[in-house]
Number of protein chains: 2
Amino acid sequence: MASDFRKTPVRVSCFECPLRQKKHFRPFSADELNFVSHFKRGELNADAGSTVIVEGSHSAHLYTLLEGWAFRYKILEDGRRQILNYVVPGDMVGLQGAVMAEMQHSVEALTPVTLCVFERKRLFQLFEKHSGLAFDLTWLAAREESILDEHLLSVGRRTATERAAYLLAFLFERGRNAGLLDEERRHVPVTQMHVADTLGLSIVHTNKTLRKLSERGLIQWLDRGCEVLDPEGLQNVANWNPGEPKVRPLI
Amino acid sequence: MASDFRKTPVRVSCFECPLRQKKHFRPFSADELNFVSHFKRGELNADAGSTVIVEGSHSAHLYTLLEGWAFRYKILEDGRRQILNYVVPGDMVGLQGAVMAEMQHSVEALTPVTLCVFERKRLFQLFEKHSGLAFDLTWLAAREESILDEHLLSVGRRTATERAAYLLAFLFERGRNAGLLDEERRHVPVTQMHVADTLGLSIVHTNKTLRKLSERGLIQWLDRGCEVLDPEGLQNVANWNPGEPKVRPLI
DNA sequence: CGGACGGTTGATCTCATTCAACCTACGTGG
DNA sequence: CCACGTAGGTTGAATGAGATCAACCGTCCG
C-alpha cells in the first residue's frame, strides 16, 4: 500500500506554483514567496489508494496537497472506519503531527496525488519571521475545525438522505473551489464505500440512499465516482449552504 | 437567554491567574505574561444556561474560559441540535470568528462561567510580536481538531453504549486535567439531554444506555449530572484511551 | 398550587444493518 | 485466449438498534 512513493526533489518551483495563480487563493508577498520556496523541501507523489500518512507516526514532515484528491480517516481496532474529511489542493495535512506529538489519523490518496513536502523543524522559523503565514496556518486550522463541526452536525443529526446530499454538495463545492471540477469535469472520485464511511452508514443503505438522489435527478453515479448534476438541489435537501467562497490562504 | 451578563473590568490579573499555577499548563515567559495581561480586556460572567456566543455573530472578541463548564453547538432550522465539543478552563472560544468572518456555532454555559475577554483587533500583534503564543494558538486549534476527529469517529462508527462510555470518559479526563474534577468532586454537570445531543441519539435511548452503564458500576447518575466511578472501565468499553496528559499552552 | 425541567419506563414502529445473492468491468496468470 | 479473483455496485429479505409515542414521577420555583 504505502509503497508506491516517489519522493523527488522540488520539481514545481513555488514561484511557478499552479495553485497560486488561481483567484481562490490569496497572493503571497515577495518575501513570503521566497520563504515558502525554501520551506518546501521536495515533492511526494503517490498512487490512488496509497496511504500517505499513517496514524501514530511521528513524521518529520508536513504537507500541502498540490494535486489530486485525498482523505483523512481513523479506524477502530475491529476495522470500522470513519472518514473525517477530504483533502483538496491547497489543504495542509500533517499539522497535528507537527505541533503535537504524533498523528492521530491517517491520510489516503483517492487519485494520484502530488504533495509539497515541508520540514517540520522549520515551522518555528515560519512563526518567528512570517507572522502573516503563521496567521494563515491558524486560519487553515480554524477552517478545518468549522468543516468538522458541520460534518459532526451531519452525522449526528441529519437523516441518511440529508447526509448524502450534504456530502456531495460539500465535495462538489470544495472540488470546484480548488479547481478540480468545472463545467466539463464534474466527476467526484469517491466510491460508495467512501461515502458510507464518511456518513456513518452501511454500504447497502448508502447505495439505496444514493439511488434515491439519482432518481430525483440530483446526481448521477458512475464508475468509481459521482457526477453532481444539481448542486443547489442537494444543498436544499441537506438544508446546508456553503456561504460565499472566500479567498483563502495557501502555504 | 443571553441576558445575564456582567462584563466587568479585569478582576483577576493575569499575573495571579489561577490557571497558570496548575502544572497542566505550560508556563509563560515574563514577556509573554506581560503581553497577555494587556491583551486581556476584561472578564465576562454568565449564568448556567446562558448563551455566550451566538452562531452568525461577528464578535469583536475572543475568549478563554477561566472558570466553569460550557459547550459549543450547532442547530438545524427545525431545532435538531448537535453538541460539538465541551469547553473547560484554559480552552479558547471564538477564534473562528476572529480569523474568519463570523461564528459558525454557538456557545452555552453549563455552569456559571467566567471568561477572559480579548480584543480581536489585537490578535495580529500577538502574531507579530509573540511567535511563541502564535504557535500556542495553532497548537490549541490542532488539538481541537483532533478532539473533533475522535468525536466524529464516535458518532459515526461506535455503538450507542460505546459512544456514551467514550463521552463520559472523555469529559472526566478533560475535567480532571482542567482541575474541575478530583477525588472529591467527580461531578460532570451535564443532563441526559446534553449527552443525547452530543452522541446523536434520542433522549429515551440515551437514558436506557446510561442506565446500562450504571448497572455495570461504571457511572452513577445524579441530579443534573453524572459521577464517573470507573474511568478506565469506560475507556475499555469505548475502546478509547486518552493518551498521556501533555502540558498544554494557555492564552 | 401549577408548571417547567429532568429523569424513567413500556409499547410500537421504522430506519438502517446484516445476510445473501448476483452482476459487471477489469486485471492477472496459466 | 480463457479462467479466475477482486473491486465496485445492486437488490431483496430478515433482523435489530434506536426513534417515536405516551405515560408517569419527583423536585424545584414563581
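Order of the sequence lines sets the chain letters (A, B, ...), proteins ahead of strands, with each chain counted from 1. Note: hydrogens, waters and symmetry copies are ignored here, and every other heavy atom, side chains too, is used.
Within the structure, every side-chain polar atom (N or O) of A/N207 is placed at least 4.0 Å from both OP1 and OP2 of D/dG9. Side-chain nitrogen and oxygen atoms of B/R211 include at least one within less than 4.0 Å of the OP1 or OP2 phosphate oxygen of C/dT8.
Rounding to whole angstrom units, CZ of residue A/R158 and C1' of D/dA19 are separated by 19 Å. Summarising the geometry, the separation between NE2 on B/H205 and C1' on C/dT14 is reported as 14 Å, rounded to the nearest angstrom. The separation between A/W221 atom CH2 and D/dT10 atom P is 9 Å, rounded to whole Å. Per the geometry, CD belonging to A/E215 stands 11 Å off P belonging to D/dT10, to the nearest Å. The interatomic distance linking A/I203 (CD1) with D/dG8 (P) rounds to 8 Å, in whole Å. Across the protein-nucleic acid pair, B/D223 atom CG and D/dC25 atom C1' stand 13 Å apart, rounded to whole Å. Residue B/K208 contributes atom NZ, which lies 8 Å from atom P of C/dG10 at whole-angstrom precision. Distance, B/Q220 CD to C/dG7 P: 14 Å, rounded to whole Å.
Position along DNA chain D of the nearest nucleotide to A/R157 versus A/G225 favours A/G225 as the more 5'-ward residue.
Here B/L201 lies in heavy-atom contact (under 4.0 Å) with sugar-phosphate atoms only.
Looking at B/E150, B/R158, B/H151 one by one, the single match for side-chain hydrogen bond (donor to acceptor under 3.5 Å, both in side chains) with B/Y166 turns out to be B/H151. None of A/H105, A/E55, A/Q82 except one satisfies the side-chain hydrogen bond (donor to acceptor under 3.5 Å, both in side chains) rule with A/R72; the exception is A/H105.
In this structure, of C/dA20, D/dT20, D/dG8, it is D/dT20 that holds the atom nearest to the side chain of B/S202.
Contact of the B/E108 side chain with the B/V52 side chain is not registered, since no non-hydrogen atoms from C-beta on lie closer than 4.5 Å.
Side chain of B/R174 to backbone of B/Y86: a donor-acceptor contact under 3.5 angstrom is found. No donor-acceptor pair under 3.5 Å is formed between the side chain of B/T51 and the backbone N or O of B/I53.
Using a 3.5 Å distance cut-off with no hydrogens or angles, the side chains of A/E227 and A/H187 do not pair a donor with an acceptor.
Aromatic pair A/Y73/A/F71: ring centres closer than 6.0 Å.
Listed by residue number, the members of residues 184-198 of chain B with any heavy atom below 4.0 angstrom from DNA chain C are B/T191, B/Q192.
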